[in-house]
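Contents: one structure, followed by commentary.
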Amino acid sequence: DIVLVKKNLEVILDGIREGREVFANTTKYIKSTLASNFGNFFAVAVASLLIDYLPMLPIQILLLNLLSDTPMISVSTDRVDKDELVSPKKYEVKDIIIIAVILGMVSTLFDFIFFAIFYRFEPQVLQTNWFIGSILTELVLIFSIRTKSFFLKGARPSGFLSWLSVMVFVVTIGLPFTVFGQKLFQFVPPTAPQLVLILALVAVYFVCSEAMKLLYYKRKNGNGNGNGVKY
């Protein structure tokens with residue numbers, strides 16, 4: 001039974017709209033989490049077999065999960081594309097798994113690129129730079145996967161999501177330069193060329209992830225299985 005506390009049937013429409021927004025944001029969270037965790041897990045596992053030291057320390061992995069999950073909390077407040085509100089949706093497990101695997105493979109590829117570039121340096125350099133790269137790639141992945149269309153055509157991200165992402169970005173870049181980060185997490189300050197290289201790789205990663213996402217949904221819609229995504 002439903003009890004309307006206002007003498008207005010529009011509250012039913014508001015409830016439907018809010019329910020569809022919650023559903024869409026839940027799906028965003030699942031896709032982003034699966035894709036990023038798939039890439040990081042596989043890369044760390046393989047890298048551990050190729051070198052005689054840990055590619056990332058346990059305490060660094062815990063911090064990585066804490067910082068990367070911070071913006072994910074705000075996904076619940078994110079705005080949703082109008083296409084997601086047109087009709088009721090259902091969980092498409094196949095779609096979630098496929099897009100997560102595709103983007104997870106892209107993430108794994110770039111993890112290996114980070115490894116190939118920095119493993120020649122001392123262990124702390126690889127651990128620090130890989131840590132920075134892992135968090136930044138997860139941050140940009142959120143802004144790609146939050147819409148099925150081109151990221152600039154999607155609904156504007158919520159202020160909460162944007163501000164938390166900026167905060168995590170600043171903390172990630174700045175922490176290795178602090179005494180706290182160096183003593184507790186055993187980071188070393190990256191050089192300016194290393195930071196520029198990391199940011200360039202993250203930018204290329206974002207372009208590749210966005211391209212793979214658009215190709216997948218274009219193919220999916222072309223086969224008549226899409227949800228009316230507009231480009």
Side-chain angles (χ1 to χ4, degrees), residues 21 23-43 64-65 67-85 89 91-92 94-114 130 132-170 172-173 198-222 226-231:
E21 289 176 352
F23 184 91
N25 286 332
T26 302
T27 304
K28 291 179 194 176
Y29 179 88
I30 295 174
K31 291 178 180 178
S32 180
T33 302
L34 287 178
S36 58
N37 287 342
F38 173 86
N40 288 338
F41 169 79
F42 190 73
L64 185 153
N65 289 332
L67 290 177
S68 61
D69 284 347
T70 299
M72 294 299 295
I73 297 174
S74 61
V75 168
S76 60
T77 69
D78 194 24
R79 297 182 178 90
V80 175
D81 291 345
K82 293 181 180 180
D83 293 328
E84 299 288 345
L85 306 176
K89 301 291 188 298
Y91 282 113
E92 298 182 8
K94 181 179 178 181
D95 171 65
I96 293 175
I97 293 176
I98 291 176
I99 192 65
V101 169
I102 292 174
L103 297 180
M105 292 175 65
V106 175
S107 176
T108 300
L109 173 62
F110 276 83
D111 280 333
F112 285 147
I113 292 175
F114 274 99
W130 201 355
I132 295 174
S134 296
I135 292 184
L136 297 188
T137 51
E138 289 193 36
L139 285 180
V140 298
L141 177 63
I142 297 175
F143 289 90
S144 173
I145 210 168
R146 60 181 296 275
T147 177
K148 294 178 181 178
S149 58
F150 182 56
F151 78 102
L152 290 178
K153 292 184 177 180
R156 186 164 54 90
S158 68
F160 198 28
L161 174 60
S162 300
W163 280 110
L164 281 180
S165 298
V166 171
M167 181 193 73
V168 170
F169 176 87
V170 172
T172 300
I173 297 295
I198 291 171
L199 294 176
L201 287 173
V202 171
V204 175
Y205 165 81
F206 178 75
V207 172
C208 292
S209 296
E210 184 73 5
M212 294 301 294
K213 178 199 72 175
L214 293 176
L215 286 173
Y216 169 71
Y217 283 114
K218 182 177 181 180
R219 179 181 176 85
K220 183 172 182 284
N221 292 337
N227 294 319
V229 182
K230 298 177 182 178
Y231 294 94

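Positions are given from 1, in the same order as the sequence printed here.
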Could you pull out the closest heavy-atom pair between [X] and [Y], with the gap in Å?
| X | Y | value |
| --- | --- | --- |
| L214 | S149 | CD2-C, 3.6 Å |
| F206 | F143 | CE1-C, 4.5 Å |
| P157 | L161 | CB-CD2, 4.1 Å |
| N25 | S76 | ND2-O, 3.6 Å |
| Y29 | M72 | CD1-CE, 3.2 Å |
| V106 | C208 | CG1-CB, 4.2 Å |

Taking side chain as C-beta onward, heavy atoms only, is [X] less than 4.5 Å from [Y]?
| X | Y | answer |
| --- | --- | --- |
| F114 | W130 | yes |
| L136 | L139 | yes |
| V204 | F110 | yes |
| I132 | V202 | no |
| E84 | K148 | yes |
| Y205 | S107 | yes |

Applying the side chain to side chain contact (heavy atoms under 4.5 Å, CB included) test to M105, which of L109, V101, I102, L103 qualifies?
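Of the listed options, the one satisfying the test is V101.
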
Testing V75, T147, T33 one by one against K28 for a side chain to side chain contact (heavy atoms under 4.5 Å, CB included), which residue passes?
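When side chain to side chain contact (heavy atoms under 4.5 Å, CB included) is applied between K28 and each of V75, T147, T33, only V75 qualifies.
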
Among residues at least two apart in sequence or on other chains, which ones pass side chain to side chain donor-acceptor pair (under 3.5 Å) with T77?
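If we apply the side chain to side chain donor-acceptor pair (under 3.5 Å) test to T77, skipping adjacent residues, the hits are S158.
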
Closer than 3.5 angstrom, by distance alone: can the side chain of R146 be matched with the main-chain N or O of F151 as a donor-acceptor pair?
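Not a single qualifying donor-acceptor pair exists.
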
Measure from the side-chain N and O atoms of T27 to the backbone N and O of F23, and report whether any donor-acceptor pair falls under 3.5 Å.
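Yes, because the side chain of T27 sits within donor-acceptor range (under 3.5 Å) of the backbone of F23.
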
Atom [atom1] in [X], atom [atom2] in [Y]: separation rounded to 0.5 Å?
| X | Y | atom1 | atom2 | result |
| --- | --- | --- | --- | --- |
| I142 | S32 | CD1 | OG | 5.0 Å |
| I135 | I198 | CD1 | CD1 | 11.0 Å |
| R156 | D81 | CZ | CG | 13.0 Å |
| L64 | E138 | CG | CD | 5.5 Å |
| L141 | S68 | CG | OG | 10.5 Å |
| T108 | I113 | OG1 | CD1 | 11.0 Å |

So, using salt bridge (charged side-chain N to carboxylate O under 4.0 Å, His left out) as the criterion, who are the partners of D111 when residues are at least two apart?
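With sequence neighbours excluded, D111 shows a salt bridge (charged side-chain N to carboxylate O under 4.0 Å, His left out) to no residue whatsoever.
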
Ionic contact status for D95 with K31, cut-off 4.0 Å
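So K31 pairs with D95 through a salt bridge.
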
